Amino acid sequence: MNTYYLTTAIAYPNGEPHIGHAYEYIATDVMARFKRLDGFDVRYLTGTDEHGQKMQQTAIQEGVTPMELATRNAAVFQEMDDEVLNISYDRFIRTTDADHHASSQEIWRRMEANGDIYLDTYAGWYSVRDERFFADEETQVNEQGVRIATETGTEVTWTEEESYFFRLSSYADKLLAHYKANPDFIAPQTRANEVFRFVEGGLEDLSISRTSFDWGIPVPEPTNPELATDKDHVMYVWVDALTNYITGAGFPDAQSELKRYWPADLHVIGKDISRFHCIFWPAFLMSAGIELPKRVMIHGFLNNEGEKMSKSVGNVVHPADWADRYGLDTVRFFLLREFPFGSDGSYSHDGVLRRKNADLSNNLGNLTQRSLSMVYKNLDAKVPEPGELTDQDQKVLADAAALMDTWRTHFEVQDFYRALGAAWKVLDDTNAYFADQQPWVLRKTDEARMKTVLWVTLEIVRRVALLVQPVMPESATKLLDALGVEASADAGKTNASGQGPRSYAAWDTQLAPGTAIDKPTAVFPRHEEE
RNA sequence: GGCUGUGUAGCUCAGUUGGUGAGAGCGCACGACUCAUAAUCGUGAGGUCGGCGGUUCGAAUCCGCCCACAGCUACCA
């Protein structure tokens with residue numbers, strides 16, 4: 001069976017999850033469910049990135065240990081995945097997991113064995129009060145002429161500390177060659193361009209350890225005596241964070257049954273961390289002699305009515321609030337249907353409402369309801385037997401049948417926006433077809449023809465319902481229930497979804513005449529709110 | 001400043017390698033129908049395709065300049 005391994009970025013759990021996190025998890029979930037329904041052996045990894053100075057500082061402020069803080073906050077993310085978003089991850093990895101420690105130390109050893117790690121000093125703006133370094137742009141010179149950290153207002157001084165470095169500089173050409181040979185490695189193109197230009201400008205070696213704090217994975221004992229030191233180093237968090245992707249595939253256990261998943265097919269990330277995934281990560285892997293992931297898909301940020309989401313503006317949306325207000329499936333649908341994945345998006349209450357009422361209630365929901373109602377009331381609640389198909393029947397059926405290939409093509413590049421657009425075009429046409437055929441008139445004049453029209457319509461609804469299971473698992477399941485399609489698996493939640501009447505393998509298994517249906521009820525009620 | 005993009009109907013956007021009179025969805029107006037979730041179907045509104053200039057028989061689509069907006073320009077994550 002073909003494997004498909006995909007990941008989200010792991011969240012830094014020093015704050016609460018917001019709709020931006022949810023966006024990434026949902027999109028990745030949709031991709032994972034799609035592949036499972038399409039018969040792939042899928043593994044979906046998500047989790048939390050728990051080390052680093054900020055976690056340690058936050059813990060100190062709150063009077064708990066870093067581990068306690070991490071455990072508490074990781075649980076918040078995991079609960080959101082489980083109880084709010086219905087995310088079908090296969091493992092929720094925490095960078096504090098024991099196997100991840102082993103994995104991170106092993107990739108470090110391999111990079112070292114390849115001669116890419118050396119000991120030197122790292123210089124930067126250091127705040128004694130905050131006990132941390134600040135990047136140049138995180139500092140400013142105040143009115144007294146003293147350089148301070150913008151965030152905390154404390155004085156910073158130019159300081160050097162011992163650090164291990166990674167020879168990133170020697171990987172620029174190799175990276176460029178890889179980008180050129182693998183044009184789909186980074187998407188969308190505009191993000192890829194940014195990465196190319198950055199690398200073309202030359203790369204500096206990267207400081208990959210810290211001695212100024214200890215909340216991290218210890219650097220393993222060096223084998224090369226020149227690297228020996230009496231200081232305690234922990235890994236720079238990005239070394240450990242990125243490595244989660246191979247830990248999730250069983251690294252370094254050569255016997256692991258998870259090994260079949262590497263190289264990953266897809267890393268889904270936000271645009272703020274493209275450099276780490278498109279430059280540092282492949283360089284680390286090259287150094288360690290590990291295959292590179294096949295693709296990094298970079299999504300955009302969500303704006304609230306065109307404005308950046310921020311705590312100070314007070315327009316931060318909590319996923320649970322949205323799910324409660326509109327329904328989870330509506331939220332999932334909206335986020336993928338409203339704007340292209342890879343572009344920034346803007347959401348608003350009116351926008352969600354329009355999508356919900358127009359696309360879900362009026363279009364898909366009502367098409368289902370009007371056709372099922374006629375069957376229920378006039379045809380003894382049994383799926384009718386179609387007669388000879390007219391050109392019009394065949395046209396709409398063929399358009400619906402073509403959606404599977406269209407979706408596969410678009411999903412290959414995570415173009416959920418166009419995939420959904422194509423499906424809704426078919427639904428638009430089907431509503432027009434239904435109105436044009438006027439089955440309510442045929443009821444009195446030509447019952448056989450009415451049966452054909454109703455069967456054609458229901459068959460198209462079946463295909464669309466089957467198709468949209470990854471996007472709206474709950475609602476699609478209700479639609480398939482209403483059509484009397486025999487249940488199989490779980491709408492893409494597990495690999496069991498790859499076969500049976502609700503898998504994509506059943507794409508051409510048409511709706512069986514004679515199937516009993518229940519009294520239809522609205523699957524997508526219009527939005528009601530005071 | 002440099003680099004990369006974007007700028008098309010009220011809104012969100014499509015528009016292959018330049019070619020019949022510039023499109024879709026939503027929203028809006030009017031009309032039709034009544035199977036259906038006050039849903040659906042049809043018609044329409046007539047937008048200098050950011051601006052100027054150029055190439056061409058012909059450009060939203062190529063070239064140049066300009067304007068506006070966004071992103072990137074490394075080690076907090």
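Heavy-atom basis, side chains included; hydrogens, waters and symmetry copies ignored. Per chain, numbering begins at 1; letters A, B, ... match sequence-line order. Predicted, not measured: the structure shown is a model, and the values here were computed from it.
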Tabulate below the donor-acceptor pairs under 3.5 Å that side-chain atoms of residues 456-465 of chain A make, not counting sequence neighbours, or state none.
{"residue": "A:Thr457", "atom": "OG1", "partner": "A:Val453", "partner atom": "O", "Å": "2.9"}
{"residue": "A:Glu459", "atom": "OE1", "partner": "A:Arg462", "partner atom": "NE", "Å": "2.9"}
{"residue": "A:Glu459", "atom": "OE1", "partner": "A:Leu511", "partner atom": "N", "Å": "2.9"}
{"residue": "A:Glu459", "atom": "OE2", "partner": "A:Arg462", "partner atom": "NH2", "Å": "2.9"}
{"residue": "A:Arg462", "atom": "NE", "partner": "A:Thr509", "partner atom": "O", "Å": "3.4"}
{"residue": "A:Arg462", "atom": "NH1", "partner": "A:Ala506", "partner atom": "O", "Å": "3.2"}
{"residue": "A:Arg462", "atom": "NH1", "partner": "A:Thr509", "partner atom": "O", "Å": "3.2"}
{"residue": "A:Arg462", "atom": "NH2", "partner": "A:Trp507", "partner atom": "O", "Å": "2.7"}
{"residue": "A:Arg462", "atom": "NH2", "partner": "A:Thr509", "partner atom": "O", "Å": "3.3"}
{"residue": "A:Arg463", "atom": "NH1", "partner": "A:Trp507", "partner atom": "O", "Å": "2.5"}
{"residue": "A:Arg463", "atom": "NH1", "partner": "A:Asp508", "partner atom": "OD1", "Å": "3.1"}
{"residue": "A:Arg463", "atom": "NH2", "partner": "A:Asp508", "partner atom": "OD1", "Å": "3.3"}

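For A:Lys395, the salt bridge (charged side-chain N to carboxylate O under 4.0 Å, His left out) partners at least two apart in sequence or on another chain are A:Asp399. Residues passing the salt bridge (charged side-chain N to carboxylate O under 4.0 Å, His left out) test with A:Arg526: none are found, sequence neighbours excluded. Listed by chain and number, the residues in a side-chain hydrogen bond (donor to acceptor under 3.5 Å, both in side chains) with A:Thr229 are A:Glu162 (sequence neighbours excluded). Every residue two or more places apart in sequence or in another chain that forms a ring-ring contact (aromatic ring centres under 6.0 Å, His included) with A:Phe416 is listed here: A:Phe341, A:Phe411. For A:Phe524, the ring-ring contact (aromatic ring centres under 6.0 Å, His included) criterion is met by no residue, not counting sequence neighbours.
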Check: protein-nucleotides 1-4 of chain B nitrogen or oxygen pairs below 3.5 Å:
{"residue": "B:C3", "atom": "O2'", "partner": "A:Arg197", "partner atom": "NE", "Å": "2.3"}
{"residue": "B:U4", "atom": "O4'", "partner": "A:Arg197", "partner atom": "NH1", "Å": "2.9"}

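Heavy-atom minimum distance, A:Gly15 versus A:Phe77: O-CE1, 3.6 Å.
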- Check the pair A:Tyr236 / A:Ser209 against side chain to side chain contact (heavy atoms under 4.5 Å, CB included), numbers first and verdict last. CA-CA 5 Å; A:Tyr236 169 49; A:Ser209 74; 5.8 Å; no

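Comparing the same atom, P, in B:A9 and in B:A14 gives a spacing of 12 Å after rounding to whole Å. One C1' atom belongs to B:G47, the other to B:G7, and the distance between them is 14 Å to the nearest Å. The C1' atoms of B:U8 and B:C49 are separated by 4 Å, rounded to the nearest whole Å. B:C69 and B:C75: their C1' atoms are spaced 30 Å apart (whole Å). Look at the P atom in both B:G23 and B:C35: the space between them is 36 Å, to the nearest Å. B:G18 and B:G1 have their P atoms separated by 33 Å, with the value rounded to a whole Å. Between B:G19 and B:C62, the distance separating the two P atoms is 11 Å to the nearest Å. Of the C1' atoms belonging to B:G58 and B:G21, the separation is 14 Å, rounded to the nearest Å.
A:Phe339 comes within contact range of no nucleotide atom at all, as no heavy-atom separation falls under 4.0 Å. Note on A:Leu203: a base of the nucleic acid sits closer than 4.0 angstrom, heavy atoms only. Contacts of A:Val523 with the nucleic acid, taken as non-hydrogen atoms under 4.0 Å apart, include base atoms. Within the nucleic acid shown, A:Arg337 has no heavy atom closer than 4.0 Å to any nucleic acid atom. Heavy atoms of A:Trp238 sit under 4.0 angstrom from at least one base atom. Nucleic acid contact for A:Gly345: none, since no nucleic acid atom lies under 4.0 Å from a heavy atom of the residue. Counting any heavy atom pair closer than 4.0 Å across all strands shown, A:Ala432 reaches sugar-phosphate atoms only and no base atom.
Mapping A:Lys425 and A:Glu338 onto RNA chain B by nearest heavy atom places A:Glu338 at the nucleotide closer to the 5' end. Each of A:Leu168 and A:Ala358 has a nearest nucleotide on RNA chain B; the 5'-most of these lies closest to A:Ala358.
Taking the six-membered ring for Trp and the full ring otherwise, A:His51 and A:His101 have centroids separated by under 6.0 Å.
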- Query: Reading RNA chain B 5' to 3', how would its secondary structure be written in dot-bracket notation, given Watson-Crick and G-U pairs with both distances under 3.5 Å, brackets [ ] for crossing pairs and | for partners on other strands?
  - Reply: (((((((..((((.....[...)))).(((((.......))))).....(((((..]....))))))))))))....

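For A:Asn363 and B:U40, the CG to C1' distance is 10 Å, given to the nearest whole Å. Rounded to whole Å, atom P of B:A70 lies 11 Å from atom NZ of A:Lys271. Per the geometry, CG belonging to A:Asp359 stands 8 Å off C1' belonging to B:G25, to the nearest Å. Between the C1' atom of B:U40 and the CG atom of A:Asp436 lies a distance of 12 Å, rounded to the nearest Å. As rounded to whole Å, 15 Å separates atom P of B:G25 from atom CZ of A:Phe333. Distance, A:Asp272 CG to B:A70 P: 18 Å, rounded to whole Å. If you measure from atom CG of A:Leu364 to atom P of B:U40, you get 12 Å, rounded to the nearest angstrom. Here the P atom of nucleotide B:G27 and the CG atom of A:Asn362 are 8 Å apart, to the nearest Å.
Side-chain proximity of A:Arg191 to B:C75, B:C41, B:G71: nearest is B:G71. When distances are taken from the side chain of A:Arg275 to each of B:C72, B:A77, B:U40, the shortest belongs to B:C72. Across B:G25, B:A39, B:C75, the shortest atom-to-atom separation from the side chain of A:Asp428 is found for B:G25. Checked against B:A77, B:U73, B:C75, the side chain of A:Ser207 finds its nearest nucleotide in B:C75.
The stretch residues 356-372 of chain A participates, sequence neighbours left out, in these salt bridge (Lys or Arg N to Asp or Glu O under 4.0 Å) pairs: A:Arg337-A:Asp359, A:Arg355-A:Asp359. Pairs passing the salt bridge (Lys or Arg N to Asp or Glu O under 4.0 Å) check and including a residue from residues 196-211 of chain A, sequence neighbours excluded, do not occur. The ring pair (Phe, Tyr, Trp, His ring centres under 6.0 Å) analysis of residues 421-457 of chain A, with sequence neighbours excluded, yields the pairs A:Phe333-A:Trp424.
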- Item | Per-nucleotide protein contact string for nucleotides 31-36 of chain B, where B marks a base within reach and S marks sugar-phosphate only (heavy atoms under 4.0 Å, - for neither) | --SSBB

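Between the side chains of A:His349 and A:Arg325, at least one donor N or O lies within less than 3.5 Å of an accepting N or O.
OP1 or OP2 of B:U12 has not a single side-chain nitrogen or oxygen of A:Tyr417 nearer than 4.0 Å.
In summary, of the residues considered (A:Trp322, A:Tyr326, A:Phe339, A:Tyr23), a ring-ring contact (aromatic ring centres under 6.0 Å, His included) with A:Tyr347 occurs for A:Trp322 alone.
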